[in-house]
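Below, chain A is the first sequence line, B the second, and so on; all start at residue 1. Just so it is clear, the values below take in all heavy atoms, side chains as well, and ignore hydrogens, waters and symmetry mates.
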Amino acid sequence: MAIATTVLGRLIKAAITLLAIVVLNFLLIHAAPGDPAAVMAGEAGAADEIFIAQLRERFGLDQPLYVQLWNYVGNIIQFDLGYSYRQGAPVFDLIMERLPATLLLTLTAFGISLLFGVAMGVAASARVGRAGDSVITGIALLFYATPLYWAALMAVLVFSVWLGWLPGFGYETVGGGFTGLSRALDILKHLILPATTLGLFFMAVYTRMTRASMLEVAQMDFVKTARAKGLPDRVIRRRHILRNALLPVVTLAGLQAGQLVGGAVLTETVFAWPGIGRLMFESLQARDYNTLLGVFLISAAMVILFNIVTDLVYRLIDPRIGATR
Amino acid sequence: MSDFWSRFSRNRGAILGLVLLAAVIIVALIAPLIFPKGPWQMVQRPFLTPFATEGLPLGTDTLGRDVAAGLAYGARVSLLVGLVSTLVALAIGVPLGAVAGYYGGWVDEAAMRFTEFFQTIPNFALAIVLVAILEPTLTSITLAIAIVSWPPVARLVRAEVLSLSKREFVDAAQLAGLSNRRILLGQILPNAMSPIIVMASLMVATAILLESSLAFLGLGDPNIMSWGYMIGAARTVIRSAWWLSFFPGLAIVITVLALNLIGEGLNDAMNPHLNRKGRA
């Protein structure tokens with residue numbers, strides 16, 4: 001019951017946030033230098049006055065601003081994100097076609113960063129103040145300062161160009177003719193470099209968070225009790241400290257994972273990964289504002305959805321979260 | 001203050017950061033003296049490898065421009081955008097957070113909903129959209145970075161003000177008849193400075209990363225040489241000319257690392273009690 005009301009509350013909030021983003025999008029279109037009709041005409045490849053006037057009438061651009069806003073919101077509620085003249089297709093269809101690749105990339109990157117981040121954080125906290133700790137903390141600091149598109153380029157250079165271990169381009173082998181399991185393996189091979197480089201920054205974040213959290217929990221009384229009982233160090237670390245230290249890390253990780261969607265623009269550009277990030281880059285180059293704003297809206301929706309899902313998962317795993325609010 | 005310095009200088013990482021940042025700042029300042037021709041001038045034939053030609057230590061790019069000159073001039077943009085956008089973000093976040101934390105009630109509620117909204121939107125995507133639509137200029141880039149960076153400042157300042165305003169010295173100031181404005185500006189905010197300074201130093205680092213990422217995507221000011229632009233322009237020739245992407249990236253890593261190290265050093269020096277908990 002409590003969960004049902006929570007879900008409802010979160011959904012209402014999500015709807016309001018999305019509506020605000022839609023309004024923001026609308027204002028941005030009108031803040032853009034130049035007449036939207038002229039921009040559209042330019043996209044369609046024609047620019048004479050009569051055509052522009054026709055466009056203005058057809059898209060209601062001659063009407064007062066609040067009517068236009070009303071129409072715009074109405075369209076988006078019906079999943080009409082406009083038409084991309086450059087790509088010759090509705091923006092919504094373009095995005096849906098590309099979304100699976102982005103989901104695969106970002107979710108894999110999230111998994112990699114969380115797994116390795118937590119492992120490195122635990123390893124560092126077990127060696128606190130010693131050489132191993134310094135090495136891990138140093139690596140985390142370095143990854144934290146590395147632009148992810150540069151990490152991606154360097155990974156292509158080393159693992160693809162110089163060593164030739166992994167493909168550095170695309171989603172699967174073009175004309176490879178793979179099906180079933182061999183196709184999945186082929187995609188996996190293409191996925192390794194983009195997902196790892198996209199996850200590097202967050203891996204550094206999670207390493208630092210896990211290390212700090214482990215050290216904090218290690219000071220608590222119940223850990224002293226466990227130690228006094230004579231439990232071996234390894235058991236205390238795994239059963240008592242890690243379990244309690246992990247929760248804040250995973251909670252924050254879930255909230256930050258949304259930012260991976262933004263980072264995907266860079267990764268997908270470097271690796272020619274056919275997702276919505278790459279679509280955003282293409283729309284930037286073509287000055288295709290409809291597509292640009294459509295991708296922006298959908299990625300914000302993805303972030304909101306992801307936050308709701310993680311929130312619910314934690315409530316199910318740890319009932320204390322719901323109770324303390 | 002001397003106490004602060006002794007704590008700060010005991011942190012070797014922070015000193016290393018300070019040295020690295022000083023080097024970057026010096027290069028940025030004297031760039032026009034070392035490279036009077038500017039970063040756009042063609043100086044030699046294109047694709048000269050680094051460490052091979054005298055006078056061109058880092059080689060030339062796809063159009064025969066001096067890579068070293070590009071790096072030196074790029075440092076100016078990175079530092080400028082990083083610094084100014086952080087100042088603008090502080091100018092938005094500090095007042096908003098302070099007012100929300102001090103007055104509470106519906107003001108707080110409204111300010112926090114507003115902040116939450118900006119925190120929900122994917123940062124980098126919003127920055128891209130803003131710069132693309134406002135046309136990439138130094139001003140629009142700086143503004144866009146500030147707009148996506150202020151929410152954590154507002155939250156931090158709100159939390160600080162909230163806890164400080166319950167302290168006795170605030171009661172005393174109220175009894176002494178000080179106005180709310182003077183209490184907030186003269187009593188509370190000065191006491192919240194140290195966490196704000198720490199956060200600001202880390203924000204400059206993030207802003208530099210953001211600026212370079214935008215420039216990499218082609219959203220840099222077309223009249224200004226920047227590190228991200230250099231990497232973006234060399235992306236397609238990575239197979240034949242790795243150094244064109246490598247050196248600008250290294251410059252970014254060094255600068256951002258330096259700022260992060262300084263930020264950590266400041267944090268340890270200004271909040272020693274917090275530090276002990278984290279280090280065990």
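- In this structure, chain A has heavy atoms under 4.5 Å from both the backbone and the side chain of B:Ala132.
- Between A:Gln285 and B:Leu217, every side-chain heavy-atom pair lies at or beyond the 4.5 Å cut-off.
- Heavy atoms closer than 4.5 Å to chain A are found in the backbone of B:Gln119, but not in its side chain.
- Proximity to chain B (any heavy atom under 4.5 Å) is restricted, for A:Leu284, to the side chain, taken from C-beta onward.
- Residue A:Leu260: no heavy atom, backbone or side chain, is found under 4.5 Å from chain B.
- With a threshold of 4.5 angstrom between heavy atoms, B:Asn260 approaches chain A through side-chain atoms but not through N, CA, C or O.
- In this structure, chain A has heavy atoms under 4.5 Å from both the backbone and the side chain of B:Leu126.
- Across A:Leu292 and B:Val129, no two heavy atoms sit closer than the pair CG-CG2, 4.2 Å.
- By number of non-hydrogen pairs under 4.5 angstrom with chain B, the leading residue of A:Leu266, A:Asp133, A:Thr146, A:Val295 is A:Leu266.
- Considering every non-hydrogen atom in both B:Ile133 and A:Leu293, the closest pair reads CD1-CD2, 4.0 Å.
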>> Under the criterion side chain to side chain contact (heavy atoms under 4.5 Å, CB included), I'd like the reasoning laid out for B:Trp242 against A:Val161: C-alpha separation, chi angles, the key distance, then a yes or no.
In response: CA-CA 10 Å; B:Trp242 57 270; A:Val161 178; over 6 Å; no
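- By the 6.0 Å contact criterion, CH2 on A:Trp165 is open, its count of non-hydrogen atoms from other residues, nucleotides or ligands being 12 or less.
- Here the CZ-NZ distance, from B:Arg113 to A:Lys13, works out to 5.0 Å after rounding to the nearest 0.5 Å.
- A 6.0 Å sphere centred on CZ of B:Phe118 holds more than 12 heavy atoms belonging to other residues, nucleotides or ligands.
- For a residue to count as touching a neighbouring chain, one of its non-hydrogen atoms must lie under 4.5 Å from one of that chain's; by this rule A:Val261 does not touch chain B.
- Remark: B:Phe117 CZ is packed, more than 12 non-hydrogen atoms of other residues, nucleotides or ligands lying under 6.0 Å away.
- The two residues B:Leu257 and A:Leu141 make their nearest non-hydrogen contact at CD1-O, 3.6 Å.
- In this structure, A:Phe296 and B:Ile121 have side chains that are in contact, with non-hydrogen atoms separated by less than 4.5 Å.
- Using a 4.5 Å cut-off between heavy atoms, A:Met280 touches chain B through its side chain atoms alone.
- Rounding to the nearest 0.5 Å gives a distance of 7.0 Å between CG of B:Leu134 and CG of A:Leu28.
- In the displayed structure, A:Arg127 atom CZ is contacted under 6.0 Å by at most 12 heavy atoms of other residues, nucleotides or ligands.
- Remark: B:Phe216 CZ to A:Phe281 CZ distance equals 7.0 Å, nearest 0.5 Å.
- Here the closest non-hydrogen pair linking B:Ile252 and A:Tyr149 is CD1-OH, 3.4 Å.
- For the pair A:Met154/B:Ser245, a side-chain contact is recorded, criterion being any heavy-atom separation below 4.5 Å from C-beta on.
- Closest approach of A:Val156 to B:Arg239, counting heavy atoms only: CG1-NH2, 4.3 Å.
- There is no contact between B:Ile208 and chain A, counting heavy-atom distances below 4.5 Å.
- Across B:Leu209 and A:Ala145, no two heavy atoms sit closer than the pair CD2-O, 3.9 Å.
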